[in-house]
Amino acid sequence: GEDVEQSLFLSVREGDSSVINCTYTDSSSTYLYWYKQEPGAGLQLLTYIFSNMDMKQDQRLTVLLNKKDKHLSLRIADTQTGDSAIYFCAESIDNQGGKLIFGQGTELSVKP
Amino acid sequence: DAGVIQSPRHEVTEMGQEVTLRCKPISGHNSLFWYRQTMMRGLELLIYFNNNVPIDDSGMPEDRFSAKMPNASFSTLKIQPSEPRDSAVYFCASRKASNTGELFFGEGSRLTVL
């Protein structure tokens, strides 16, 4: 079945890089996403990667995908206090109407 | 453009009462999802609809929960009777088939059952 696992907490200092890891089980996952949730709000899409890609870079964000190991990571360069939030990894088998399965979320705490 | 609109934002009720949560998806989106978020269980998919038709309700906890989508612009999630363990934040999200498959979330309805 589908399952997405993440570590629950990560604490970094402002200016350092943050790396949030995720593993998934469904080998048919075609689309993998990172969402961000700020306190009291819904989730917002940060970035996504297709399963035929190994890496995607978007400004301070770098997504790495190891499809063989079913491992996804999100690296945030020069982490700022405003990056403090919960980050969710999600997988989907398609973009046409299939469901998204989310991990438990990683709470990122950025200390000044 | 208005995003996904959920109501109420907060609800406090007593055990045994009926609770109805409402959602208006983004216009033009053809899929709608109901998720529940708790500290213990994280974000759980309860049910989702494509073109107003329920596709997968395997995440609905039990018969006390029901969801409807009578038209493309409105959905409800009902809990009857409610129990304290139903206390959570309930999110509605919508999406249209696209290159990214991005989900757009509402701000959530925080339910407290006493």
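Letters go in sequence order (proteins before strands), and every chain restarts at 1.
- Cluster annotation: I55(B) and F91(B) are assigned to the same hydrophobic cluster (Ile/Leu/Val/Met/Phe/Trp/Tyr, side-chain heavy-atom contacts under 4.5 Å, transitive).
- Heavy atoms closer than 4.5 Å to chain A are found in the side chain of L45(B), but not in its backbone.
- Residues L64(A) and V12(A) are members of separate hydrophobic clusters, defined by side-chain heavy-atom contacts under 4.5 angstrom among Ile, Leu, Val, Met, Phe, Trp and Tyr.
- A 6.0 Å sphere centred on NZ of K78(B) holds no more than 12 heavy atoms belonging to other residues, nucleotides or ligands.
- Residues L43(B) and Y35(A) fail the side-chain proximity criterion, which asks for heavy atoms closer than 4.5 Å.
- Heavy-atom minimum distance, F33(B) versus K99(A): CE2-CA, 3.7 Å.
- Counting heavy atoms from C-beta outward, E102(B) and Y31(A) have side chains that stay 4.5 Å or more apart.
- Heavy atoms of other residues, nucleotides or ligands lying less than 6.0 angstrom from CD of E62(B) number more than 12.
- Residues L43(A) and Y35(B) are not in side-chain contact: their nearest non-hydrogen atoms beyond the backbone lie 4.5 Å or more apart.
- Other residues, nucleotides and ligands contribute at most 12 non-hydrogen atoms within 6.0 Å of the CG atom of D63(B).
- For Q37(B), the part lying under 4.5 angstrom from a heavy atom of chain A is the side chain only.
- Around CZ of R110(B), the count of heavy atoms belonging to other residues, nucleotides or ligands within 6.0 Å does not exceed 12.
- I5(B) and F74(B) are not part of a single hydrophobic cluster, where members link through side-chain heavy atoms under 4.5 Å apart.
- A single hydrophobic cluster is seen to contain both F50(A) and L65(A), as judged by linkage of ILVMFWY side chains at heavy-atom distances under 4.5 Å, directly or through other members.
- With a threshold of 4.5 angstrom between heavy atoms, Q44(A) does not approach chain B through any atom at all.
- Cluster annotation: Y33(A) and L61(A) are assigned to the same hydrophobic cluster (Ile/Leu/Val/Met/Phe/Trp/Tyr, side-chain heavy-atom contacts under 4.5 Å, transitive).
- Residues of residues 9-20 of chain B that come within less than 4.5 angstrom of chain A, heavy atom to heavy atom, are R9(B) in numerical order.
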